[in-house]
Every structure is written in structure tokens, then in C-alpha cells.
Amino acid sequence: MAETPETADQYFERYREIIPDYPAFLEALSQPLPLYFRLNTLKIGDPSPVMEGLSRQGFRVEPVPQVPWFFRVEPREFSLGNTEEYYLGLIYPMTLSSSLPVYALEPRPGELILDLCAAPGSKTTQIAQHTEDQAVIVANDRRLDRITALVANLRRLGIACVVTTVYRGEQYPLEVSFDKVLVDAPCSGEGRYRRGYEGELLFQKEGRTNLSGIQKGLIVRAYDLLKPGGILVYSTCTINPEENEAVVDYLLRKRQAELLDWEAPLPSHPGLTEWAGRPFHPHLVKAKRFYAHEIEAVGFFVAKLRRVA
């Protein structure tokens, strides 16, 4: 007899003790995720024409005070991808919390930066925007079809500082060392789940993937690609400590990495130093957890590390 699938409430019960205001979290699962976009300041500095243009098409647009260049849009049922502003490359639809890893990375003009799991390009293009298209950014993805979508976004947004590569992230060639590396790792996506809306949980799919094994391979290779003193940011959109703290803890045991604190623009909670009886490195309190019901966006985990020379 086939096993009865878990309900979402049963699935998330394992996280009751680590999710703040757990009843509010469960309630939020029944609400759709808000819709956001990032203004592309490489093409337009004044948001007024964009806001006015979208308003004429029936959108209600409000800036997000905590996060520069980001705007919340209602109703979410409308498609930003069908607007003139989208086709002209003036906006990039992305969830608010997806910006967090780039804020942790703090990219600067002139740096050599690798986005190891880049497609479809939300964070790659945000890095280019932060550096005013004056860094050298390598955007990598293992799948050529996803790189094609990324290149289309680069062209639409008018970005010239990005080169693309197609490698398995765990096997990325070590010939070049980078100032900074971003690993927005493939994950179970628990942070984006909503009942009846979007974000299918991986446990509901056929078969199982060893995500934590993939993530550990990615974070170690990312660290090895850094120059001494270089910065690594590891992020996921999941709640699971096995994909978050356990992965960073693995790197700390394998390499001489230093966890760093960073200033986040959205409310966060410290990383865990223990899960299910298993201790993690005490410095993991410097990692940050972002819960969807508190930030009104996809839940995220972000850890910032430095390669010790």
C-alpha cells in the first residue's frame, strides 16, 4: 500500500521550535506571495516614469523603503512580463528576499566575481547593477538552456560586464581565483511554499535528490575558488537546517573559513548552533534566517564567509 503523503502542516511541524510565531507562519502559507520588481538603474535612475507607466496598466506600485530599487506590485495576478517596462529592460521581477545574498556579498566595481549557480540571472544582474556594470562577473550554470535564459536577461537589461560558463558547480575549474563567489544553491524551496499557489515542496515529487550532498560540494568548491581573503556567500530559499547550517558547518570543518556578520535590510534571526541533537559551529549565529511571514517574501538563509589566508 502506498504511503499517505504528508500535508504541509505535518511537513512543517518538524520546524515548530525554530520558526518564530509558528501559528502566524502556518497562517501565511494560505496567502499568495507578494509580487516585487527591481528597478534597473543601469537604464533608468528615476522610478517615476516606470511607476506611472505601470499604474496606467492597472498596477498599484509602492517602493519598499528598506530595500533600494525594489517595488511591491498589486494585483499579483497581473503579469509584469507582458509590460513595456519589462521588454525595455527597465524592471526585473524578483522576490524581495532574493536580493539579500547580494547585499551580503557587497560587490564593488573592479572585482572579479563568480555566481556559481547563476541562471536565470536575478542575482547576477543585481550584482552588475550594484557595481554599475564595472565589475567582471562570471555567471555559471550547469545547464545550457538555463544559460540561454540568463543571456536573454543580460541583453534585455543592457548589461555588458558578464561572461557565462557552463560547468557543474562542484567541478568548476580552479585555474582562476575570484575576489567573491556567490552560491545560491539548488534547494528544497521550502521558503517559497504556499498552499494552492506555488512552491511545490520537493518531498511531494517523485524520487529524492541528495540536496545536502550537492550543496556541500558546491560550497567547498566555491571556497577553493576564492583568493586569500576573498568573500563567499552561501544562500538558499529553504528552512531545512540540513541544507543550511549543516552545509556551512561542513565547510568550516573542511577548510579554514571565517563566518562574518553583515547588515541585512530585512528582519532576520540568527543561524542555528544545534539541530535535532547535533551541534554546529558556534559562529553560525552570524548566519541569518529570514522567515516568509515576517518579511512578506520568500524565506531565505544567508551565510557570509571569508577565506582565511
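Remember, predicted model here, so these are calculated numbers, not experimental data.
- Gln66 places no side-chain N or O within 3.5 Å of a backbone atom of Pro265 that could act as its donor or acceptor partner.
- In the hydrophobic clustering of ILVMFWY residues, with side-chain heavy atoms under 4.5 Å counting as a link, Phe280 and Phe301 come out together.
- Side-chain contact annotation: Glu85 with Gln57, donor-acceptor N/O pair under 3.5 Å present.
- Considering all non-hydrogen atoms of both residues, Asp184 and Ser235 come closest at OD1-OG, 2.7 Å.
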Subject >> Steps toward side chain to side chain donor-acceptor pair (under 3.5 Å) verdict (Glu243, Thr236) >> reply: CA-CA 8 Å; Glu243 300 178 55; Thr236 72; 5.9 Å; no

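- Between the side chains of Tyr92 and Gln126, not a single donor N or O lies within less than 3.5 Å of an accepting N or O.
- For residues 107-135, the set of pairs meeting the ring-ring contact (aromatic ring centres under 6.0 Å, His included) definition, not counting sequence neighbours, comprises Trp69-His130, Tyr103-His130.
- Counting non-hydrogen atoms of other residues, nucleotides and ligands closer than 6.0 Å to CD of Glu74 gives a total above 12.
- Because its NZ or CZ atom is not both nearer than 6.0 Å to the ring centre of Tyr87 and within 45° of the ring axis, Arg156 does not count as a cation-pi partner of that residue.
- Between Val163 and Ile137, every side-chain heavy-atom pair lies at or beyond the 4.5 Å cut-off.
- Under the 4.5 Å side-chain heavy-atom criterion for ILVMFWY residues, a single connected hydrophobic cluster contains both Leu26 and Ile18.
- Using modelled atom types and a 3.5 Å distance limit, the side chains of Tyr172 and Thr165 yield a donor-acceptor pair.
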**OP:** Assess whether side chain to side chain contact (heavy atoms under 4.5 Å, CB included) is satisfied between Ser188 and Leu211, documenting all intermediate values.
**Re:** CA-CA 8 Å; Ser188 53; Leu211 284 170; 4.0 Å; yes

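- Between Glu245 and Arg289 there is a salt bridge, since at least one side-chain N of the basic residue sits less than 4.0 Å from a carboxylate O of the acidic one.
- Between Phe25 and Tyr291, the distance separating the two ring centers is not shorter than 6.0 angstrom.
- Remark: side-chain polar atoms of Asp133 are paired, donor with acceptor, to backbone N or O of Ala160 under 3.5 angstrom.
- One finds no salt bridge joining Glu106 and Lys180 here, because no Lys/Arg side-chain nitrogen approaches an Asp/Glu carboxylate oxygen to under 4.0 Å.
- Side-chain contact of Asp46 with Ser48: a donor-acceptor pair under 3.5 Å is present, judged by distance alone.
- A salt bridge is absent between Arg143 and Asp141; no separation between the charged side-chain nitrogens and carboxylate oxygens falls under 4.0 Å.
- Nearest heavy-atom pair across Tyr234 and Ala185 is CE1-CB, 3.7 Å.
- Within 6.0 Å of CD on Gln256 lie no more than 12 heavy atoms contributed by other residues, nucleotides or ligands.
- Of the possible donor and acceptor atoms, one in the side chain of Arg194 sits under 3.5 Å from a partner among the backbone N and O of Gln31.
- There is no path of hydrophobic side-chain contacts, each under 4.5 Å, that joins Ile91 to Val102.
- A donor-acceptor contact under 3.5 angstrom links the side chains of Thr125 and Arg38, judged on distance only.
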Original post:
Please walk me through it: do Phe70 and Phe37 pass ring-ring contact (aromatic ring centres under 6.0 Å, His included)?
Top reply: CA-CA 6 Å; Phe70 272 79; Phe37 70 81; 8.4 Å; no

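- Lys286 has no carboxylate O lying under 4.0 Å from a charged side-chain N of Asp261, or vice versa, which leaves the two without a salt bridge.
- Between Arg72 and Glu62 there is no salt bridge, since none of the side-chain N atoms of the basic residue sits less than 4.0 Å from a carboxylate O of the acidic one.
- Between the Asp249 side chain and the His281 main chain, a donor and an acceptor come within less than 3.5 Å of each other.
- Taking 4.0 Å as the cut-off between side-chain N and carboxylate O, Arg278 and Glu242 count as a salt-bridged pair.
- At distances below 3.5 Å, not a single donor-acceptor pair connects side-chain atoms of Asn40 with backbone N or O atoms of Leu90.
- With hydrophobic clusters built from ILVMFWY side chains whose heavy atoms lie under 4.5 angstrom apart, Tyr223 shares a cluster with Tyr167.
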Original post:
After noting the C-alpha distance and the side-chain angles of Glu258 and Leu305, does the key distance pass the side chain to side chain contact (heavy atoms under 4.5 Å, CB included) rule?
Top reply: CA-CA 5 Å; Glu258 177 190 8; Leu305 305 106; over 6 Å; no

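- Note: Phe71 and Tyr36 fail the aromatic proximity criterion, with ring centroids not under 6.0 Å apart.
- You'll find the side chain of Val162 stays beyond 4.5 Å of the side chain of Asp115, heavy atoms only.
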**OP:** Go through the steps to decide whether Leu226 and Arg306 satisfy the test side chain to side chain contact (heavy atoms under 4.5 Å, CB included), and finish with yes or no.
**Re:** CA-CA 9 Å; Leu226 284 172; Arg306 175 162 49 214; over 6 Å; no

